[in-house]
> 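Before we start, here is the structure in question, set down as structure tokens.
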Amino acid sequence: MLNLEKTAYTQEDWAQGYQSQKNEYEYWIENITGEIPWNLAGTLFRNIPAMLDVNGVSVRHPFDGDGMICSVGFRDGKAFFRNRYVRTAGFVAEQAANKFLFRGVFGTAKAGGWLANAFDIKLKNIANTHVIYWGGKLLALWEAAEPHRLLPETLETVGLDYLDGVLQPGDAFAAHPRIDPAGRLVNFALKTGLSTTVKIFEFDRSGKLETSYEHVVPGFAFIHDFAITPNYCIFFQNPVGFNPLPFLFGMKGAGECVKFKAEEATKILVIPRNGTDPVKVFESKSGFVFHHANAFETESGLLIDSIAYGSFPEVEPNKDFRETNFDRLDPGQLWRFQLDFASGKVDRELIEPRCCEFPTMNSAQVGQDGRYYYLGAAANETGNAPLQAIIKIDLQTKETITWSAAPYGFVSEPQFIAKPQAASEDDGWVVTLVYQADRNATDIVILEAKDLTVVAKLHLPHHLPFGLHGSWTDKIFLPS
Ligand code: CO
């Protein structure tokens with residue numbers, strides 16, 4: 001007998017969540033435990049790399065899977081589910097050919113082996129990381145290329161979107177926009193090589209570009225996310241090198257050629273949002289950072305909370321990602337970095353030692369000294385493991401509340417949704433998708449944000465693979 005007390009999960013159950021979902025559905029969700037709150041009104045959008053094989057040949061890494069957008073529209077205690085793949089040029093071509101035609105950033109090779117892949121650096125824009133509704137447009141994002149626009153009512157793909165001329169063909173646009181509570185969407189684009197250009201865009205609520213500014217910093221950069229405060233954008237330039245040769249020769253994906261340099265410090269770039277003041281650069285040991293929870297300004301500088309790994313989580317050579325040995329990898333942990341502008345010093349403190357990822361909070365607190373974070377976390381307090389729980393961290397009292405879906409449930413990014421006329425920062429719901437290995441299907445779970453008790457579980461009649469990011473809009477998209 002397997003000791004689920006100790007491990008909380010089995011490798012088989014976790015790996016089973018990484019099957020492609022090749023069907024596209026639309027239906028009213030009927031199998032519900034509990035009740036959907038009558039005043040929960042709006043639409044949840046999620047992006048999932050859901051095409052994890054072509055004709056039975058697996059991607060090398062789930063980050064190489066084609067993006068599939070899900071929408072869940074809520075109104076009057078009812079919910080409507082829909083999922084559709086983004087019809088990127090690469091997706092359409094590969095589905096027609098029934099084989100991989102492009103190389104993936106994380107090592108997925110096109111058919112034909114080493115020779116077919118050498119010197120082919122064309123990448124497929126897979127639109128698989130995030131989805132936002134902003135300025136009347138639904139946009140699927142992937143950090144190395146342009147956004148794709150979809151119709152929010154039907155999830156049909158319109159095509160590449162250049163944001164009314166802000167982007168040029170071939171431009172990158174990061175997958176981690178931040179929304180300033182003052183009503184601006186802030187995002188960035190990287191051009192990297194021997195040096196790195198960080199370009200920042202700020203859009204108003206209608207989607208019109210308000211301002212953009214760029215800075216060049218030395219060295220190669222692998223930057224997935226950033227944080228904003230009213231006056232600054234903050235980036236962590238992870239201590240990594242890039243050896244392009246195995247990529248150029250077709251033996252590895254570009255993402256596999258990133259080498260973490262544990263002995264080197266992370267550079268923290270603090271870019272003023274006025275676009276003119278000089279960039280402040282700090283150094284700190286941080287490990288590898290994908291995601292930031294939040295940042296805010298203090299009298300002496302600023303604080304930033306981030307999920308840091310002891311090293312870059314690589315897939316072992318010649319191993320399927322489904323065989324990932326969690327014990328061999330460092331867990332992501334929530335750290336607080338305190339930047340002092342006068343001295344240039346950085347202090348850091350571990351806030352949450354439990355393995356966690358996908359931090360989120362009440363969107364009204366972005367860039368402010370907010371009190372609560374919600375994250376996906378391992379079921380156990382120690383060790384590295386898949387995300388099976390949602391935790392709520394109170395930064396004032398340092399208390400943590402846990403809701404666990406173990407042993408059969410595997411969670412994804414939580415979304416915080418404020419209740420109408422909310423009376424406090426945590427007066428809302430936390431919604432997440434939970435893959436249930438016992439029924440090989442996904443639940444949409446609605447939790448009360450105050451205490452993480454279950455409000456409702458919406459049992460979908462099929463599975464969804466583990467997803468990346470998503471967002472909530474108060475706008476309701478439902479069939480008429
Ligand atoms: Co991300």
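Counting convention: from 1, in listed order, for ligands and their atoms alike. This chain uses plain numbering: 1 for the first residue, then up along the sequence.
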> Under the 3.5 angstrom rule, does the side chain of R84 hit a backbone N or O of C70 as a donor-acceptor pair?
no
> Can you name the residues that form a side-chain contact (heavy atoms from CB on, under 4.5 Å) with E297, not counting sequence neighbours?
T229, P230, N231, Y232
> Can you sort out the partners of L151 under side-chain contact (heavy atoms from CB on, under 4.5 Å), two or more places apart, ordered by chain and number?
E153, T154, E156, V158
> Using the test salt bridge (charged side-chain N to carboxylate O under 4.0 Å, His left out), find all partners of D53 that sit at least two apart in sequence or belong to another chain.
K22
> What protein N/O/S atoms lie closer than 2.8 Å to the Co ion (ligand 1)?
H176 NE2, H224 NE2, H291 NE2, H469 NE2
> Considering only heavy atoms from C-beta outward, does the side chain of T196 approach that of L190 to under 4.5 Å?
yes
> Using the ring of Y213 (Phe, Tyr or Trp, six-membered ring only), decide whether K199 places NZ or CZ under 6.0 Å from its centre and within 45 degrees of its axis.
no
